[in-house]
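Numbers restart at 1 for each chain; the letters A, B, ... are given by sequence-line order, proteins then strands. It should be emphasised that the depicted structure is a prediction, and the values quoted were computed from it without experimental measurement.
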Amino acid sequence: MTGPRVRFAPSPTGFFHVGSARTSLFNWLFARQSGGTFILRVEDTDAERNREEWHEGILTAMAWLGLDFDEGPFLQSDLLADHAAAAAALLANGYLYACDCTREQIDERIKGNAKPGYDGHCRDRHVARTDRTALRFRVPDVGVTVVPDMVRGDVAFPHDSYEDFIVVKSNGAVLYPLANLVDDRSMRVTHVIRGEDLLPTTPKQVMMWEALNHCVGVDPVAHPFYAHLPMLVNEQRKKLSKRKDPVAIESYRDQGYLASALVNYLALLGWSPHGDEEIVPLTTLVAQFRLEDVSHSPAFFDVKKLTHINGEYIRQLSAADFIAASAPWVAPWLGDWHPTDRDVPWTREQFSDSLYERVAPLVQERVTTLGEIPAMVRFFFVDDVAIDDAAFDKAIGGDPVGQALLADAVAAFETIEWSAATLHDTTTALGEARGLVLRKSQAPIRCAVTGTLVGPPLFESLELLGRDVTLARLRAALDRARS
RNA sequence: GGUCCCAUCGUCUAGUGGCCUAGGACAUCACCCUCUCAAGGUGGAGGCACGGGUUCGAAUCCCGUUGGGACUGCCA
């Protein structure tokens, strides 16, 4: 395997969110279009904030999105010895020094300094390494470090804007910048594709990578290329927050977004396929994706557009695929996964596979998410249609003509041939006899049978529902109107 | 405050010096279709942040201004 090697390195500090998904997707696309290797490495070294369920969330979300990895999942916590060895080499070669300053002492000393940050107090004090000293990296006083970035070009950072940052905590824990880079070295990562928020820490990593290459006893490794992806932001143009913004991938899955639609939409955030078509198959994404074409500016995560794309994907499904895809929402007892915190409005006994198969095509082109289906087909499966009060008043209760038409329908529907076409023609005739166009005459019937004024095509629905149920509901509505 | 990044319709973007009277998509508005609601069709409104250069010619290159953002932890 000689292609590029990329990795997605999330930390399990919360549910898997759309920003992570986008980063993961871009890594995956790059690997797949270049015949490279996609590695998953879970950076779980901050024990305080890590939880087993978050780790699992990463795996299930990536599997759902179809982002398969070639190596891993590696756990960073299994690689601690490598980090310690790298830190030791850096220390032995003079790149690191021990510092016993406390935060308070530093703040006191640097108060009023023109240059913010640590003042290098311990640089040449030759403090002994103990469990009360941290290890700092000796940042050169002059010069710049250049980060080669495939989306932004070379970015130069002046050394004098960096303090001697801490690399190893006093308790011996190696911090993210070094740990992350050591793993990238050992995994021979060639392209580091990640969020733009990491750009300012990249010079630290480049400096340490270079330092490591000069340590005796350490094999030099070529620097990776970097690609810093623009942030995903909310309406306030702030970086997406796990706490404040609706970003959990799992919640989109629960709502009934298709993985393929989400992937397609995510790819459009900071990049776009050639031509005018935005809804394109995954193969096109893979074929056309280029890091060099990634946009430089932040992108707003627009649920409205995601929803539109999801609707397109739903309508593209074959009838059978739509039925299968919607099963978790209409018959959650069937599969091994179903959305959480969503109650189906009918019981397992009330639901009917064969009926749903005939109902499904009626709603497939009307929903934008699979989660909308139950409310739309509820009246097919439950006995109590729970007529909406406002709808009832409008079409039946407060409309004498509507009421009369309902009575006409009860009489006529008892004997006519039970087909959508006949129901349609009969209702049209009934309405015309009372001076109503079909859009008016269908309303009371729709209301009585489905409970609302909006829904799937009425006459097809009645045909599927059957004569007995239809008549019972029409009579019930009449009774309610007369009481 | 410091360092860095960014700047095309409300939003996501195309555009890499002449093909731009700035294209597409979402959202929005109007109309058509229609048994409701959708879907679909047609059309409309809507943008190069500002100011200087460079050039025969700039949305595209340079500088400045303004505005936004990220980072600035013994988190990752």
Side-chain angles (χ1 to χ4, degrees), chain A residues 9-13 43-46 48-50 76 99 101-103 113-117 132-136 147 149 151-152 155-158 160-163 165-173 175-177 179-180 195-203 228 230-231 233 235-239 265 268-279 293 295-309 311-312 315 363-368 372 376 391 395 420 423-424 427-428 431 437-443 445-447 450 452-461:
Chain A
S11 58
T13 57
E43 309 214 322
D44 59 345
T45 49
D46 185 358
E48 295 266 313
R49 291 166 46 183
N50 288 170
Q76 190 164 57
C99 166
C101 299
T102 64
R103 188 70 246 174
N113 275 13
K115 184 190 161 186
R132 294 176 56 86
T133 61
L135 256 30
R136 289 181 182 274
V147 174
D149 192 292
V151 342
R152 280 151 225 284
V155 186
F157 295 83
D160 63 11
S161 65
Y162 284 91
E163 62 175 1
F165 54 90
I166 292 178
V167 175
V168 183
K169 302 210 291 185
S170 50
N171 70 4
L175 260 12
Y176 165 80
N180 176 263
E196 190 195 349
D197 49 345
L198 270 329
L199 184 54
T201 77
T202 308
H228 287 95
M231 298 273 74
V233 299
E235 245 165 332
Q236 286 75 44
R237 309 303 299 180
K238 302 265 200 248
K239 152 175 148 174
Y265 176 64
L268 263 23
L269 259 21
W271 181 81
S272 65
H274 307 161
D276 282 343
E277 215 48 58
E278 291 189 320
I279 298 184
D293 295 338
S295 129
H296 296 189
S297 27
F300 170 60
F301 185 83
D302 186 359
V303 179
K304 283 207 189 82
K305 183 153 180 172
L306 201 212
T307 302
H308 172 265
I309 291 177
E312 296 265 355
R315 273 172 260 126
V363 296
Q364 179 171 2
E365 64 179 23
R366 295 184 153 67
V367 297
T368 53
E372 295 165 16
M376 204 171 278
L423 284 159
H424 175 277
T427 304
T428 303
V437 293
L438 187 54
R439 57 173 286 125
K440 285 290 189 185
S441 55
Q442 58 89 39
I445 299 172
R446 176 184 295 279
C447 180
T450 74
T452 75
L453 261 15
V454 301
L458 182 60
F459 305 112
E460 284 77 356
S461 298

Using Watson-Crick or G-U wobble geometry with both distances under 3.5 Å, which nucleotide pairs with [N]?
N	answer
B:U16	none
B:U28	B:G44
B:A22	none
B:U34	none
B:A59	none
B:G1	B:U72

If the condition is salt bridge (Lys or Arg N to Asp or Glu O under 4.0 Å), which residues does A:Glu278 pass it with, not counting sequence neighbours? A:Lys305
Rounded to the nearest 0.5 Å, the CZ atom of A:Phe300 sits from the CD atom of A:Glu235 at a distance of 4.0 Å
Rounded distance (nearest 0.5 Å) linking atom OG1 of A:Thr427 with atom NZ of A:Lys440: 16.0 Å
Which whole number of Å gives the distance between the [atom1] atom of [N] and that of [M]?
N	M	atom1	value
B:C50	B:A7	P	15 Å
B:U13	B:U8	C1'	9 Å
B:C12	B:G73	P	30 Å
B:G23	B:U65	C1'	30 Å
B:A59	B:G44	P	24 Å
B:C9	B:C5	P	22 Å
B:C33	B:G40	C1'	8 Å
B:C61	B:G69	C1'	25 Å

Send over the distance from [X] [atom1] to [N] [atom2], rounded to a whole Å.
X	N	atom1	atom2	value
A:Glu163	B:U72	CD	C1'	8 Å
A:Asp44	B:C75	CG	P	16 Å
A:Glu372	B:A39	CD	P	11 Å
A:Glu365	B:U36	CD	C1'	13 Å
A:His308	B:C26	NE2	C1'	7 Å
A:Glu235	B:C26	CD	P	19 Å
A:Asp149	B:A70	CG	P	18 Å
A:Lys169	B:C74	NZ	P	9 Å

I'd like to compare against my own output: the B/S/- annotation of nucleotides 3-14 of chain B with a strict under-4.0 Å heavy-atom distance to protein. SSSSS---SBSS
Taking side chain to side chain donor-acceptor pair (under 3.5 Å) as the test, write out the residues that go with A:Glu277, two or more places apart. none
Under the 3.5 Å rule, do the base of B:C35 and the side chain of A:Glu460 count as making a donor-acceptor pair? yes
May I ask you to verify whether the side chain of A:Ser170 and the base of B:C74 hold a donor-acceptor pair under 3.5 Å? yes
Between [N] and [X], is there an OP1 or OP2 to side-chain N/O distance shorter than 4.0 Å?
X	N	value
A:Arg446	B:C35	no
A:Arg439	B:U36	yes
A:Lys239	B:C71	yes

Using a heavy-atom cut-off of 4.0 Å across all strands, would you classify [X] as base, sugar-phosphate, or nothing?
X	answer
A:Lys440	nothing
A:Thr452	nothing
A:Gln364	nothing
A:Leu198	base
A:Cys101	base

Whichever of A:Lys238 and A:Val367 has the more 5' nearest nucleotide on RNA chain B, that residue is A:Val367
Could you check A:Ala134 against A:Glu312 and say which one's nearest nucleotide on RNA chain B is further toward the 5' end? A:Glu312
In a check of side-chain contact (heavy atoms from CB on, under 4.5 Å) between A:Arg366 and each of A:Met376, A:Arg315, A:Glu372, which one passes? A:Met376
Any residue meeting side-chain contact (heavy atoms from CB on, under 4.5 Å) with A:Ala443, in chain and number order, not counting sequence neighbours: A:Ala395
Just wondering, do A:Val168 and A:Leu175 contact through their side chains at under 4.5 Å, heavy atoms? no
A:Tyr265 side chain to A:Asp302 backbone, donor-acceptor under 3.5 Å: yes
Counterpart residues, ring-ring contact (aromatic ring centres under 6.0 Å, His included), relative to A:Phe459 (two or more places apart): A:His424
Sorted by chain and number, sequence neighbours left out, ring-ring contact (aromatic ring centres under 6.0 Å, His included) with A:Phe157 holds for none
Of the nucleotides B:U36, B:G24, B:G40, which has the atom closest to the A:Asp276 side chain? B:G24
